[in-house]
Colleague: 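What follows is a single structure, and I will ask about it in a moment.
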Amino acid sequence: MSGLRSEPLASSHDRVGFTCGVVALDDYLRRQASQDVRRHVAAVFVMVDEGDPGTVLGYYTLASYAVETRGLPEEVAKKLPRYPTTPATLIGRLARSIDQSGMGSVLLADALRRALVSTEQIGSALVVVEAKDDSAAAFYRKHGFLDFPQEKRKLFLPMKTVVAAVGKSG
Ligand SMILES: CC(C)(COP(=O)(O)OP(=O)(O)OC[C@H]1O[C@@H](n2cnc3c(N)ncnc32)[C@H](O)[C@@H]1OP(=O)(O)O)[C@@H](O)C(=O)NCCC(=O)NCCS
């Protein structure tokens with residue numbers, strides 16, 4: 001590998017060749033992702049190796065989101081203003097190629113960095129994920145995400161934690 005870079009999904013990326021082992025996530029990249037980008041429903045980023053920039057090693061999506069503040073754990077909610085909803089950034093999907101073990105952490109760090117940079121333009125106090133199964137939830141917990149008390153497999157990370165981990169320079 002010569003070096004990794006993440007970039008917005010483009011027609012030069014081989015979407016058909018991407019396999020993560022979860023059909024729904026492969027199909028999303030093939031069939032839906034470009035349309036979501038065109039409709040401004042999600043921003044889609046892919047990770048590529050600079051030496052082979054057409055091959056997708058992994059991808060993730062980011063979108064604006066809002067959470068009900070009262071649905072957060074009390075110790076988190078009390079540090080936020082008492083607005084009914086709190087602005088957030090949703091990592092809607094995240095998947096790495098089946099042969100790219102370890103790429104999940106790289107993708108997540110990249111997604112968090114982009115989420116943090118975006119807060120300079122559009123406020124966002126949390127990063128939220130809806131894990132598709134217990135295994136994915138465990139992956140996110142391993143990276144510091146906390147569970148919403150009332151919602152199974154929905155997790156969040158305060159942007160303050162991202163700031164501490166990534167730093168403003170990102
Ligand atoms: C979930 C996924 C992104 C993890 O990627 P990965 O490259 O295997 O993850 P990493 O190796 O970077 O894992 C980082 C840490 O999380 C842990 N982890 C990864 N998958 C885990 C799992 N299923 N359960 C528990 N911990 C897990 C690893 O043990 C590792 O911990 P360590 O650093 O202490 O060794 C990947 O398996 C994937 O793309 N799966 C298919 C799509 C999917 O399920 N996406 C989830 C979005 S809902």
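Keep in mind that what you see is a predicted model, and the values were worked out from it rather than measured. When a ligand or atom number is given, it counts from 1 through the structure's own listing order.
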Colleague: Can a side-chain donor-acceptor contact be found between S124 and T119 if the only test is distance below 3.5 angstrom?
Modeller: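 Absent: no donor and acceptor within the cut-off.
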Colleague: Kindly say whether D36 contributes a backbone atom to a donor-acceptor pair with the side chain of H40 at under 3.5 angstrom?
Modeller: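 No: the side chain of H40 does not pair with the backbone of D36.
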Colleague: With heavy-atom distances below 4.0 Å as the criterion, list the atoms of ligand 1 near L94.
Modeller: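 Contacts of ligand 1 toward L94, numbered from 1: 3 (C), 42 (C), 43 (C), 45 (N), 46 (C), 47 (C).
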Colleague: Report the residues that fulfil side-chain contact (heavy atoms from CB on, under 4.5 Å) with L25, sequence neighbours left out, ordered by chain and then residue number.
Modeller: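 Applying side-chain contact (heavy atoms from CB on, under 4.5 Å) to L25 gives C20, V22, Y59, R93, A95, K132.
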Colleague: If you count the atoms of ligand 1 from 1 in the order shown, which ones are under 4.0 Å from a heavy atom of Y140?
Modeller: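 What qualifies from ligand 1 is 47 (C).
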Colleague: Check the side chains of T55 and D14 for a donor-acceptor pair under 3.5 angstrom, ignoring hydrogens and angles.
Modeller: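 No, because no side-chain N or O of D14 sits under 3.5 Å from a partner of the opposite role on T55.
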Colleague: Please list the nearest protein heavy atom to atom 39 (O) of ligand 1 with its residue and the distance rounded to 0.1 Å.
Modeller: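 Ranking protein heavy atoms by distance from atom 39 (O) of ligand 1, first comes R96 N, 2.9 Å.
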Colleague: Could you check whether atom 35 (O) of ligand 1 has a protein contact, counting only heavy atoms that fall below 4.0 angstrom?
Modeller: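 Given the 4.0 Å cut-off, atom 35 (O) of ligand 1 does not count as touching protein heavy atoms.
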Colleague: Within the 4.0 Å heavy-atom shell around A95, which atoms of ligand 1 are there?
Modeller: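 Listed by number with element, the hits are 39 (O), 42 (C).
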Colleague: Which residue and atom name correspond to the protein heavy atom nearest atom 40 (N) of ligand 1, and how close is it?
Modeller: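 Closest protein heavy atom to atom 40 (N) of ligand 1: C20 O, 4.7 Å.
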Colleague: With a cut-off of 4.0 Å, which atoms of ligand 1 are near a heavy atom of S105?
Modeller: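 Under 4.0 Å from S105, ligand 1 has these atoms: 10 (P), 12 (O), 13 (O), 14 (C).
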Colleague: Protein non-hydrogen atoms only, distance under 4.0 Å: does atom 6 (P) of ligand 1 have such a neighbour?
Modeller: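 Neighbour list for atom 6 (P) of ligand 1 includes protein heavy atoms (cut-off 4.0 Å).
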Colleague: Test your reading of the model: is there a side-chain donor-acceptor pair from D49 to the backbone of G51, 3.5 Å cut-off?
Modeller: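 It does hold such a pair.
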Colleague: Please write down residue, atom name and distance for the protein heavy atom closest to atom 48 (S) of ligand 1.
Modeller: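 Closest protein heavy atom to atom 48 (S) of ligand 1: K132 N, 3.4 Å.
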Colleague: Does CD in E74 sit with more than 12 non-hydrogen atoms of other residues, nucleotides or ligands closer than 6.0 Å?
Modeller: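 Enclosed.
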Colleague: Note the single closest protein heavy atom to atom 41 (C) of ligand 1, along with its residue, its atom name and the distance in Å.
Modeller: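 Looking only at protein heavy atoms, the one closest to atom 41 (C) of ligand 1 is V22 CG2, 3.8 Å.
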Colleague: Any idea which part of S135 is under 4.0 Å from ligand 1, heavy-atom wise: side chain, backbone, both or neither?
Modeller: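 For S135, the contact with ligand 1 is made by both the backbone and the side chain.
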Colleague: For H143, is the nearest heavy atom under 4.0 Å from an atom of ligand 1?
Modeller: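 H143 counts as a contact of ligand 1 under the 4.0 Å cut-off.
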Colleague: Determine whether the side chains of R15 and S34 contain a donor N or O and an acceptor N or O closer than 3.5 Å.
Modeller: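 Short answer, yes.
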Colleague: Pick one of side chain, backbone, both or neither for how Y60 approaches ligand 1, counting any non-hydrogen atom pair under 4.0 Å.
Modeller: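 Under 4.0 Å from ligand 1, Y60 contributes no heavy atoms.
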Colleague: Name the closest protein heavy atom to atom 25 (C) of ligand 1, giving the residue it belongs to and the distance to 0.1 Å.
Modeller: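 Looking at atom 25 (C) of ligand 1, the protein heavy atom closest to it is A138 CB, 3.4 Å.
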Colleague: Please output the side-chain donor-acceptor pairs of residues 150-160 that fall under 3.5 Å, not counting sequence neighbours, one pair per line with the distance.
Modeller:
from : atom 1 : to   : atom 2 : distance (Å)
E151 : OE2    : K154 : NZ     : 3.3
R153 : NH1    : D134 : OD1    : 3.3
K154 : NZ     : Y65  : OH     : 2.9

Colleague: Can you pull out the closest protein heavy atom to atom 33 (O) of ligand 1? Residue, atom name and distance to 0.1 Å, please.
Modeller: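 Heavy-atom neighbour on the protein nearest atom 33 (O) of ligand 1: K142 CE, 4.7 Å.
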Colleague: Distance to 0.1 Å, residue and atom name: give those for the protein heavy atom nearest to atom 27 (C) of ligand 1.
Modeller: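 It is F139 CA, 4.0 Å.
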Colleague: Return yes when atom CZ of R30 has more than 12 non-hydrogen atoms of other residues, nucleotides or ligands closer than 6.0 Å, and no otherwise.
Modeller: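 Above 12, so yes.
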Colleague: In sequence, state the C-alpha distance, the side-chain angles, and the governing distance for T89 and V128, and then conclude on side-chain contact (heavy atoms from CB on, under 4.5 Å).
Modeller: CA-CA 6 Å; T89 304; V128 175; over 6 Å; no
Colleague: Is V129 touching ligand 1 with its side chain, its backbone, both, or neither, if touching means heavy atoms under 4.0 Å apart?
Modeller: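 Under 4.0 Å from ligand 1, V129 contributes no heavy atoms.
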Colleague: On a heavy-atom basis, which atom in A42 and which in Y28 lie closest, and how many Å separate them?
Modeller: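 Minimum heavy-atom separation between A42 and Y28: CB-OH, 4.2 Å.
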Colleague: Working note: S105 + K142, criterion side-chain contact (heavy atoms from CB on, under 4.5 Å); need CA distance, chi angles, decisive distance, verdict.
Modeller: CA-CA 10 Å; S105 301; K142 188 112 194 186; over 6 Å; no
Colleague: Any heavy atom of G102 closer to ligand 1 than 4.0 angstrom?
Modeller: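 Checking ligand 1 against G102, which is what was asked, there is a heavy-atom contact under 4.0 Å.
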Colleague: Using a 4.0 Å cutoff against the non-hydrogen atoms of L25, which atoms of ligand 1 qualify?
Modeller: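 Those of ligand 1 that fall under 4.0 Å from L25 are 42 (C), 43 (C), 45 (N).
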Colleague: Relative to the heavy atoms of M103, which atoms of ligand 1 are at a distance of less than 4.0 Å?
Modeller: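 That gives atoms 7 (O) of ligand 1.
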Colleague: Taking T69 for the side chain and P84 for the main chain, is one N or O donor matched with an acceptor at less than 3.5 Å?
Modeller: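 Checked: pair present.
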Colleague: Are any non-hydrogen protein atoms located under 4.0 Å from atom 15 (C) of ligand 1?
Modeller: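 Within 4.0 Å: yes, protein heavy atom nearby.
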